Amino acid sequence: MPDANRPTGTHHSASVLVTGAAGNLGREVVDRLQAHGARVRCLVRHQTGPRSAVESVVGDLTDPTAFRAALLGIDAVLLV
C-alpha cells in the first residue's frame with residue numbers, strides 16, 4: 001500500500017490488521033498476507049498460542065479503546 005509520508009523509492013511492507021483471524025478463513029488470510037510480505041496484527045477475543053511473525057491484540061470490535069489501539073501503525077484492515 002502506498003504511504004504518502006514515505007519518500008518514493010523506499011520499500012514499505014503493508015501492516016494489516018485482521019479480525020476473525022482465529023477462524024478457518026482468517027487463518028488462511030493471515031498465511032497469504034505473510035507470504036506476500038505483509039506485517040500482520042490480529043484482533044482476537046481471547047489470547048491463544050503464539051503464531052510466528054503475527055502480533056495479537058486482545059479485544060473486539062465492540063470495544064472502541066481496544067480497536068483504536070489495534071489500529072495504531074496499521075495501513076489496512078481486513079474484517080474476516
Side-chain angles (χ1 to χ4, degrees):
M1 313 236 156
D3 182 350
N5 297 320
R6 264 199 194 297
T8 54
T10 61
H11 177 71
H12 172 66
S13 296
S15 296
V16 182
L17 175 67
V18 179
T19 67
N24 291 332
L25 180 59
R27 281 193 293 267
E28 184 68 25
V29 168
V30 169
D31 290 345
R32 289 184 183 228
L33 285 168
Q34 288 182 308
H36 284 88
R39 292 184 314 232
V40 179
R41 180 180 300 157
C42 301
L43 182 65
V44 297
R45 290 187 188 138
H46 309 285
Q47 187 65 48
T48 59
R51 278 180 82 173
S52 62
V54 175
E55 177 187 354
S56 294
V57 175
V58 177
D60 63 49
L61 296 176
T62 64
D63 180 353
T65 302
F67 190 54
R68 266 196 278 322
L71 289 171
L72 291 176
I74 293 297
D75 299 311
V77 177
L78 290 175
L79 304 169
V80 179

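Residues: numbered from 1 along the sequence shown. Since the structure is predicted, the reported quantities are computational estimates derived from the model, not experimental observations.
- For the residue pair Val30 and Cys42, the shortest heavy atom distance occurs at CG2-SG, 4.0 Å.
- Residues Val80 and Leu33 fall within the same hydrophobic cluster, defined by Ile, Leu, Val, Met, Phe, Trp and Tyr side chains chained together at heavy-atom separations under 4.5 Å.
- Here the closest heavy-atom approach between residue Ser13 and residue Asp75 is recorded as O-OD2, 4.0 Å.
- Interatomic distance, Leu71 CG to Ser15 OG, rounded to the nearest 0.5 Å: 11.5 Å.
- The distance from the OG1 atom of Thr19 to the CG atom of Leu79 is 4.5 Å, given to the nearest 0.5 Å.
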ask   = Yes or no on side-chain contact (heavy atoms from CB on, under 4.5 Å) for Leu43 and Leu61, after CA distance, side-chain angles and deciding distance?
value = CA-CA 9 Å; Leu43 182 65; Leu61 296 176; 4.0 Å; yes
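- Note that the OG1 atom of Thr62 and the CZ atom of Arg45 stand 8.0 Å from one another [nearest 0.5 Å].
- Side-chain N or O atoms of Arg27 include one that pairs as donor or acceptor with a backbone N or O of Ala22 at under 3.5 Å.
- Under the 4.5 Å side-chain heavy-atom criterion for ILVMFWY residues, a single connected hydrophobic cluster contains both Val54 and Leu25.
- Between the side chain of Arg68 and the backbone N or O of Pro64, at least one donor-acceptor pair lies under 3.5 Å.
- For the pair Val16 and Val29, the minimum side-chain heavy-atom distance is 4.5 Å or more.
- When every heavy atom of Phe67 is checked against every heavy atom of Asp60, the shortest pair comes out as CB-O, 4.4 Å.
- Not a single donor-acceptor pair under 3.5 Å links the side chain of Arg39 to the backbone N or O of Glu55.
- With a 4.5 Å cut-off on side-chain heavy atoms, Leu17 and Val57 do not count as touching.
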